[in-house]
Amino acid sequence: QMTSLSLKDGKMVVMLFHSEEIPLSYKSISNQDEYKEEMTFFRMKDPAPEIMAQFQLKKLPALFVMTVDDSSEKKEPTE
């Protein structure tokens with residue numbers, strides 16, 4: 001539910017699936033204020049097999065990014 005709210009706000013959703021320590025690079029980026037304005041960061045430790053299948057994850061760690069596809073919005077005709 002949180003991911004859909006972020007997507008509605010036009011933010012990218014960045015999800016880290018992991019089984020061990022969170023990589024330092026992910027910690028660093030997810031704590032930067034300039035990224036928080038455009039992205040929402042989530043992490044899930046030891047995801048259930050159903051979640052792994054839903055996101056088509058083969059191994060951990062895995063990074064999953066979701067965006068809104070606004071290319072289908074109607075554009076104003078140009079003259």
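- Ring orientation note: the planes of Phe64 and Phe17 are nearly perpendicular, at an angle over 60° on the 30°/60° scale.
- Between atom CD of residue Gln56 and atom CD of residue Gln54 there is a gap of 10.0 Å, rounded to the nearest 0.5 Å.
- Of the candidates His18, Glu21, Glu20, His18 is the only one forming a side chain to side chain contact (heavy atoms under 4.5 Å, CB included) with Lys45.
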Check your understanding: Under the side chain to side chain contact (heavy atoms under 4.5 Å, CB included) criterion, do Met12 and Val65 qualify, and how do the steps go?
Key -> CA-CA 7 Å; Met12 285 194 302; Val65 179; 4.2 Å; yes
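- More than 12 heavy atoms of other residues, nucleotides or ligands shown are found within 6.0 angstrom of CD on Glu34.
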**Study point:** Evaluation steps, side chain to side chain contact (heavy atoms under 4.5 Å, CB included), between Met39 and Lys11
**Key:** CA-CA 5 Å; Met39 301 175 194; Lys11 291 184 175 184; 5.8 Å; no
Exercise for review: Go through Met44 and Ile51 one step at a time and tell me if the side chain to side chain contact (heavy atoms under 4.5 Å, CB included) criterion holds.
Suggested key: CA-CA 10 Å; Met44 182 177 289; Ile51 300 291; 3.9 Å; yes
Please tabulate, for side-chain N and O atoms in residues 22-30, each donor-acceptor pair with protein atoms closer than 3.5 Å (sequence neighbours left out).
residue	atom	partner	partner atom	Å
Tyr26	OH	Val14	O	3.4
Tyr26	OH	Phe42	N	3.4
Tyr26	OH	Phe42	O	2.6
Ser30	OG	Tyr26	O	2.9
Ser30	OG	Lys27	O	3.2

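- Remark: Tyr35 OH to Thr40 OG1 distance equals 15.0 Å, nearest 0.5 Å.
- Summarising the geometry of Met15 relative to Met66, their closest heavy-atom pair is SD-CE, 3.6 Å, with the distance given to 0.1 Å.
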